[in-house]
Amino acid sequence: MIDGTIFQRIGVSSSNPQGTKWVGYSNAPLRQISSGNFGVLWGVSFENTSVYRQGDKWIDSGEMCSWVSCGGFGCWIVNVNGSASFRTGVNSSDPGGLTWVNTGGSFKQLDTGVRGQVYAVDNEGQMYTREGISAGDPVGYKWSKFGDERFLHVSVGDRFVLGIHETSAIYALP
């Protein structure tokens with residue numbers, strides 16, 4: 001973000017991974033942003049609300065949050081109370097989706113990947129993964145602690161999960 005402008009890379013594909021050009025969205029009132037499948041774009045405003053891009057406008061979804069992540073099956077947020085919620089029905093024609101499904105937990109950050117997998121970090125640095133996620137059930141059924149290491153941040157990629165350890169070392173998780 002430069003002077004309140006968020007840039008999006010256009011034309012990115014498997015045959016053209018570098019894309020074709022940058023497009024800027026000026027006056028974006030965001031402190032955090034995530035892009036997902038279907039070309040959806042969600043963020044967290046400076047007022048701690050979840051917002052999404054529809055056409056040339058940022059729309060407030062009405063849900064207070066501290067973090068957002070969009071992936072293969074939709075968008076997740078960390079609510080201001082720390083619980084995680086999934087937004088149902090998110091797609092290119094309806095980037096705002098339908099409703100929030102609260103899945104519990106007590107997290108400071110989470111990330112979701114292209115295959116829908118979700119990892120989260122709690123305030124003590126413990127990492128969790130969401131079990132049971134599939135295309136038919138994008139919410140899954142429970143949070144499970146993942147290992148005993150302490151992390152500051154997690155990022156879910158196509159090939160592996162990266163975590164910033166409390167020592168600032170970067171771990172590639174199995």
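Note that the structure is a prediction, hence the values are computed from the model and not measured.
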Exercise answer: donor-acceptor pairs, residues 97-107 side-chain atoms, under 3.5 Å, sequence neighbours excluded:
unit_1, atom_1, unit_2, atom_2, d
Thr99, OG1, Thr88, OG1, 3.1
Asn102, OD1, Gly104, N, 2.7
Asn102, ND2, Ser83, OG, 3.0
Thr103, OG1, Ala84, O, 2.9
Thr103, OG1, Trp143, NE1, 3.1

Without swapping roles, check the side chain of [X] against the backbone of [Y] for a donor-acceptor pair under 3.5 Å.
X: Asn79; Y: Asn81; result: no
X: Ser69; Y: Thr112; result: yes
X: Ser85; Y: Ile77; result: no
X: Arg31; Y: Asn48; result: no
X: Ser34; Y: Cys70; result: yes

Report whether [X] and [Y] are members of the same hydrophobic cluster (ILVMFWY, side-chain heavy atoms less than 4.5 Å apart, transitive linking).
X: Phe160; Y: Ile170; result: yes
X: Leu162; Y: Met127; result: no
X: Val118; Y: Val44; result: no
X: Tyr128; Y: Val161; result: no
X: Leu152; Y: Leu110; result: no

Query raised in the report: Who are the side chain to side chain donor-acceptor pair (under 3.5 Å) partners of Ser61, not counting sequence neighbours?
Result: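 Counting only residues at least two positions away or on another chain, Ser61 forms a side chain to side chain donor-acceptor pair (under 3.5 Å) with Ser50.
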Quick one: does [X]'s side chain get under 4.5 Å of [Y]'s, heavy atoms only?
X: Trp58; Y: Leu41; answer: yes
X: Val78; Y: Gln109; answer: no
X: Ser45; Y: Asp60; answer: no

Requested in this report: Determine, step by step, whether Trp42 and Val90 satisfy the side chain to side chain contact (heavy atoms under 4.5 Å, CB included) criterion, reporting the C-alpha distance in whole Å, the side-chain angles of both residues, the deciding distance to 0.1 Å, and the verdict.
Outcome: CA-CA 11 Å; Trp42 278 70; Val90 172; 4.3 Å; yes
Report task. Carefully, step by step, assess His153 and Val121 under the rule side chain to side chain contact (heavy atoms under 4.5 Å, CB included). Result -> CA-CA 7 Å; His153 185 90; Val121 178; 5.9 Å; no
**Report entry** Distance in Å, Phe86 CZ paired with Ile133 CD1, rounded so as to fall on 0.5 Å steps
**Finding:**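 If I round to the nearest 0.5 Å, the distance is 8.0 Å.
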Query raised in the report: To the nearest 0.5 Å, what is the distance between CZ (Phe151) and CD1 (Ile164)?
Result: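 The CZ atom of Phe151 sits 10.0 Å away from the CD1 atom of Ile164.
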Query raised in the report: Should the pair Phe146 and Tyr119 be assigned to parallel (<30°), tilted (30 to 60°) or perpendicular (>60°) ring geometry?
Result: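 Answer is perpendicular, since the angle exceeds 60°.
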Report task. Show your working on side chain to side chain contact (heavy atoms under 4.5 Å, CB included) between Gln32 and Leu30 and close with a plain yes or no. Result -> CA-CA 6 Å; Gln32 192 252 324; Leu30 306 179; over 6 Å; no
Pairs meeting criterion salt bridge (Lys or Arg N to Asp or Glu O under 4.0 Å) with involvement of [range], two or more places apart:
range: residues 106-132; value: Arg115-Asp158
range: residues 84-104; value: none
range: residues 139-154; value: Lys145-Asp148

Query raised in the report: Would Arg53 and Asp56 satisfy side chain to side chain contact (heavy atoms under 4.5 Å, CB included), going step by step from the backbone distance to the final call?
Result: CA-CA 7 Å; Arg53 186 83 176 175; Asp56 63 352; 4.1 Å; yes
Query raised in the report: Ser15 and Pro17: which non-hydrogen atoms are nearest, and at how many Å?
Result: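 Looks like C-CD, 3.6 Å.
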Query raised in the report: If you group Ile, Leu, Val, Met, Phe, Trp and Tyr whenever their side-chain heavy atoms sit less than 4.5 Å apart, what else falls in with Val80?
Result: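 Its cluster partners, ordered by chain and number, are Met64.
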